[in-house]
Amino acid sequence: MTATFAVLGFDGTAQTLLELVLLNVLLAYSGYVVVAGGSFSLAFVAFIGLGAYTAAILSVDHSIGFLPALILAPILAAIGALVLAKPLERLSGVYLALVSVAAISVFRVCLLNFDSLTGGALGKSGIKPRIGSQELIVGAVIVVVVFALLYRSMVGRAMRLVRADPLVAASMGVNVRRLRLWLFVGSAALGAIGGVFRAYYTGFVVPGDYGFELLITLLAMVILGGVGHWTGPLIGAALWTLLPQWLDPLGLWREVATGFILLVIILLLPQGISGGVANLVHKGRRRLQSRRGDGDEETIALVDEPTQAEGVDVALPAGGLVRSPATGAEGAP
Amino acid sequence: VESIDVYDFHAYGYEESGGRPAVLLLQQIVNGLLIGSVYALFATGLSLTLGVLRIMNMAHGVTISIAAITGVEVASNFSLPFPLLILLGALVGAVVGMVSEVLVFGPLRRSRSHDSHSREFSTLLGSLALLTILQSLAQIYTFDFTDDQILSFPTDVFKSRIVSIGGIEVRTISLVMCAIAVLLSGAVWWVMRWTQAGRAARAVAADHEAAAMLGIDVTRYALVIIGTAGALAGVAGILIGVAFNSVDYLTGQAYLLRGFAVLILGGIGSVPGALLGGLALGLAEGLTVHFIDSSWVDAVAFGLLFVVLVIRPQGMFGKLEVDRA
C-alpha cells in the first residue's frame, strides 16, 4: 500500500495520509446521508463531536475502551438527534441550514463551559489504546459497502427521489418527513461512530475541532464527490485530503488554490465528480443504444431530461412510470 | 493602544460603575444595544442577499475583515478623515460583493445544469469556496505584509471620549457606530419599501423568472443588491475596527454566525426584522453577561433561536413561506 502511494508522489508520510483519507471517508458519509436526502440539516458535525467526546470521556475518565464507545456513542447521538429533530422538522431549506449552524455553535460553547466533564478549552488527551490503519480500513470499508448496498435498495431510490423532487416522491408513496427524520438520526449515529474513530486515532479531543471548520471541510468533500452517487463521499474525501498535499509547495497560497479548484468544480461539475462521471457513462450508453436502433428512443428521451439535471438514475422511477411495453427494463421503486 | 473584543465590549464600564446592580444591569443593556446595532447593520446585508437572491453567503463575514484590514492600511499611511474612511469601507465591501457576484453567484444562477435545489446548494458551497479564498488572501496579507498579525487603527482616526449618563458610561465611538448602523439599515428599509427599485427587488425576491419576464434586469439588480450588502458589511468592518481597535483576518467570522442568528430572529428578507433582531441579540447577549457569564454569550444567543423557532418558525417579523412537501 505504502509503495503504491510512493509511486503517486508521496514520501514516508503515505501511511498517515491513507489513514487521514480513511478517517475523512468515515466522517464524510455522515454528511452525505442528510445531503443526499435533499435536506439542509448540517448539525451532523455536532454529533461527530458528541461521538468523539463520548469516546474521550469514557476512555480517559472511566478506562472504558474502543468497542463499548463504538456502541454507546451512536445510541447517545441517535437519542440526541430524535430530540433535536422535533423543533427542526418544521423547517426547510436555508432556515434549516441556519439553525444547524446555530446548533453547532451551541454545542461548541457547551464543550467550552462544562469543563469538569469535557476538559474545557484544553479538551481531553491520552485516549488509549490508539487505533491505526487496520481499524480505519475495516471501519471505512464497512461504511462504504453499506452505502453501496443502500444505493441500490428501495431506501436509496427514495432518497434520490426526495432530493430530486419531494412532491413527486410524496405522490409515489414515499413518506418524505419520516424518511428525512430517519436520515437525520442515521447521520447522527454514523457521525458519532466517525467521531469515536477520530478520537481514538488522534488520541485527543479539543472543542475547536468540532465546529464550523469541520462543517465546511465535510461539506466540501461531500459536494466535491457529488451527492448523487454512493462513491461521491469516497472520491470527495480522498481528493480533499490529498489536494493540500499536492499543493504543499505553494505554502500559504495553498488554501487559495484549494478554494479556486473547489470553485471551478462547482461551476463546471455541478453534480460533483461522481455525477460528472455518471453523466458521461449515461451519454456513452445512450449513444450505443441509439446506434443499435432498438426503437426505444421515446423512453430514453423521457428519462434523459431529469437524469441530466440530477446526474444519476433518479429518473428511473419516472422511467418506470412511462416506460413503453417494448422495453420494460426498469420497474417503479 | 487599548484593544478590546466583543466580550470585553459587553464588559465595558462594568468595574467603573461602582458595582450597584441596577446600574450594572442598565450598563449591560446599553452595551448590548450598541453592539446589537452593528449586528443589525451586518445582518441587513445578509438578509438582502438571502431574501432577494436566495444566496446564503458564507463569505459575507470575511468582507468585514477585508474592509477593516484595508481601512487600517490606508489610515496608517494617509491621514484620512473618519467619514472618508467609512466611505472607503463601503467601497471595498461593495467591490468584494460585486466581484463574487460576477465570478461565482451570477454564473451559478444562470447555469442550466442546476435545478433549483442543487442550485441553492451549489451557491452555498460556492460561497464557502469564496470564503476559503478571501480568508486565505487576508491571512497571507496580514502574515506576510504587515509587522503585526493583529492590526489596529491609528488612535487619531477617531478621538473617542467617555460620556457618563447617570452612572452609565458610553464611549462616543459606540454612539457614532450605533447611529450610522441604524441610519444605514433604515435607509435600506426605506429604499426597499418605497422606491421603484425596492419594488423591483422585491419582485425579484418573489420569483426570478417572473420578474425577468416583467422586464426587470435581474442580473443588474443582483449586482446592486450584493454590492449594497457588501458595502454595509464594509462599513461595519470599519466601525468594528475603529471601535474595538483590533483587526485580524478572522474578525468577521464571529459576526457571520451572529448575523445568521439575527436572520432567524428577524425573519429572512425583512429589513426591520434584521434591525430589531440585531438589537434583540445584542440585548440578549448583554443580559447573559449580566446574569450568567460572558462565556455563555454564544450559547444563550443561539438558544434564543430555538425558542423563537418553536413559536414562530418564520422569525419574529418574517412572512411564512409556503413550501411544497
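- Of all heavy-atom pairs spanning B/Ile133 and A/Val256, the tightest one is CG1-O, 3.8 Å.
- Nearest heavy atoms, B/Val104 versus A/Leu267: O-CD2, 4.1 Å.
- Partners of B/Arg109 under the salt bridge (Lys or Arg N to Asp or Glu O under 4.0 Å) rule, at least two apart in sequence or in another chain, are B/Glu101.
- Proximity to chain A (any heavy atom under 4.5 Å) is restricted, for B/Leu256, to the side chain, taken from C-beta onward.
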Walk me through whether A/Ile216 and B/Leu131 qualify under side-chain contact (heavy atoms from CB on, under 4.5 Å). CA-CA 10 Å; A/Ile216 292 180; B/Leu131 167 70; 3.6 Å; yes
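- Shown here are the salt bridge (Lys or Arg N to Asp or Glu O under 4.0 Å) partners of B/Arg202, two or more places apart in sequence or in another chain: there are none.
- To the nearest 0.5 Å, atom CG of residue A/Leu262 and atom OG1 of residue B/Thr132 are 6.5 Å apart.
- For chain A, the nearby part of B/Leu128 is the side chain; its heavy atoms alone come within less than 4.5 Å.
- Put simply, CD on A/Glu255 and CD on B/Gln135 are 9.0 Å apart, with the number rounded to the nearest 0.5 Å.
- Among the candidates A/Asn113, A/Ile223, A/Leu263, the residue making the largest number of heavy-atom pairs closer than 4.5 Å to chain B is A/Asn113.
- Minimum heavy-atom separation, B/Ala129 to A/Ile266: CB-CD1, 4.3 Å.
- With a 4.5 Å cut-off on side-chain heavy atoms, B/Leu130 and A/Phe260 do not count as touching.
- With a 4.5 Å cut-off on non-hydrogen atoms, A/Leu112 does not touch chain B at all.
- In this structure, the separation between OG on A/Ser100 and CZ on B/Phe260 is 11.5 Å, given to the nearest 0.5 Å.
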